[in-house]
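Worksheet: the structure to be examined is printed underneath.
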Amino acid sequence: METLRLQFPALAQSGLHYLDNAATTQKPAAVLDAMAQHYANDNANVHRGAHKLSARATRAFEGARRTLATLINAPKVEQTLFTRGTTEAMNLLASSLGELVLKPNALVLVDQWAHHASIVPWQQACGRKQATLKPVPMAADGRLDFDAYQQLLAQKPQVVVLTAVSNALGCRLDLPRYIAAAKAVGAVVIIDGAQLVAHEVVDVQALGCDFFAFSGHKMYGPTGIGVLWGKSEWLEAMPPYQFGGEMITTVSFEQSQFNVLPFKFEAGTPAIAEAVGLGAAAQWLMSQDRRALAKHEQQLLNYAQDKLRALTGVTLYSAFADNIGSLAFNVDGEHHADIGVWLDQAGVAVRCGHHCCQPLMQHLGISGSCRMSLAAYNNQQDVDAFIDALTEYLEFINDDA
Ligand SMILES: Cc1ncc(COP(=O)(O)O)c(C=O)c1O
């Protein structure tokens, strides 16, 4: 793991314990080099140039798409769309799929863990179509309530949006079970995989969902790029999301013909260097022993969980043995932002706030929390530095009291 850590230049900064990986991960040299090499040698626009540079840029861009398709075991490369990230993927779906499947009185389910990126686009689409958005509630232990989910499924929703791993809590969903139940009632199933891809191997065919969205920057890739995978039957039937260059075959002032997949959903000049960087991130991930990384992260998370549990005055939210990546907590009577500032002074980077999950925070009866989140390069020293700084904070407030 120490040699893996050395591949991340940002982590060489002394005194930095980066535990904000659910917000965004650091990037390995392989990704930085791929992007620098693209700009230094191959920079050109893709798909339409007559020259060598454009051909090289196109090869790299479409090669990256093939790598991403391999990463998630997509059956067809053209089902793998580049987006700006999970947020844009959800907007694309709410706008385009929403146009296709939502009728007045239609029902859309979004789980209680959902990020605003899953809630708001579908809320807007439901508003436009006089459809209804309902949350899949949580059980008292913090997991989703499967019985309540089944009762909602009995109302025959058109669309079900599920969060693979909660970014605010680190809880994981039993995806095969939840997807199969929604498919059994004929719903279109969309998975927000933003917090899953960096941590576990994803196989969209085995999952059986209709769509799977994720962001590059949360899986060691660049910002501004992500992927939406979808089944061809839906992508073919859905209207385009944005209009302009690249997504057309012919245009006249009277009408336009739209391009084939994936270009139909990629209007304008794409994020070329970012796609190249994301392809490099996917290659990098696939070249690792994924099981060993997952085991390492799990051991570290359990270690952090045990240490947090041992601290008096700390409330842990839904900490399970099978959490992925993140742990959320508060110090009783303290504002989460104060804890974040204290930890930062000790070089420990965590995220404090509502984590773009205000409905979840309302459900928990809190305004926000602190979240420590791991990546494969974190080590025990990072967790120890975090626990030591938090212990000092607890001593400080107790002395003060
Ligand atoms: C679960 C989840 N969904 C969606 C998003 C939105 O991702 P992005 O901001 O990369 O579009 C995030 C980012 O925090 C997330 O954690």
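We count ligands from 1, going down the list as the structure has it; atoms in each ligand are counted the same way. Here the structure is a predicted model, which means the values were calculated and not measured.
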Do any N/O atoms on His217 end up under 3.5 angstrom from N/O atoms on ligand 1? yes

Salt-bridge test for Lys295 and Asp289: reply yes if a basic N is under 4.0 Å from a carboxylate O, no otherwise. no

Near Arg84 CZ, under 6.0 Å, is it more than 12 heavy atoms from other residues, nucleotides or ligands? no

Check each atom of ligand 1 against the heavy atoms of Gln195 and keep those under 4.0 Å away; list them by number with element. 1 (C), 15 (C), 16 (O)

Quick one: are Ile190 and Asp210 in side-chain contact, heavy atoms under 4.5 Å? no

Run the contact test for Lys218 against ligand 1 with a 4.0 Å cut-off on heavy atoms, strictly below, and give the result. yes

N or O contact, Thr163 vs ligand 1, cut-off under 3.5 Å: no

So, for Phe265 and Phe82, is the gap between ring centers shorter than 6.0 Å? no

Quick test: of every protein heavy atom, which one is nearest to atom 15 (C) of ligand 1, and how far off is it to 0.1 Å? His115 CD2, 3.4 Å

Which atoms from ligand 1 have a heavy atom of Ser215 less than 4.0 Å away? 7 (O), 8 (P), 10 (O), 11 (O)

Taking the six-membered ring for Trp, are Phe263 and Phe258 closer than 6.0 Å centroid to centroid? no

If you count the atoms of ligand 1 from 1 in the order shown, which ones are under 4.0 Å from a heavy atom of Thr87? 6 (C), 7 (O), 8 (P), 9 (O), 11 (O)

Would you give me the side-chain donor-acceptor pairs under 3.5 Å for residues 96-108, sequence neighbours excluded?
residue : atom : partner : partner atom : Å
Ser96   : OG   : Pro239  : O            : 2.5
Glu99   : OE1  : Lys129  : NZ           : 3.4
Glu99   : OE2  : Lys129  : NZ           : 3.3
Lys103  : NZ   : Leu100  : O            : 3.3

In residues 301-308, what donor-acceptor pairs under 3.5 Å come from side-chain atoms, sequence neighbours left out?
residue : atom : partner : partner atom : Å
Asn302  : ND2  : Gln298  : O            : 3.4
Tyr303  : OH   : Gln380  : NE2          : 3.0
Tyr303  : OH   : Asp384  : OD1          : 2.5
Gln305  : OE1  : Arg309  : NH2          : 2.9
Gln305  : NE2  : Phe320  : O            : 3.1

If you scan protein heavy atoms around atom 4 (C) of ligand 1, the nearest is Asp192 OD2, 3.4 Å

Has Arg84 got any heavy atom lying under 4.0 angstrom from an atom of ligand 1? no

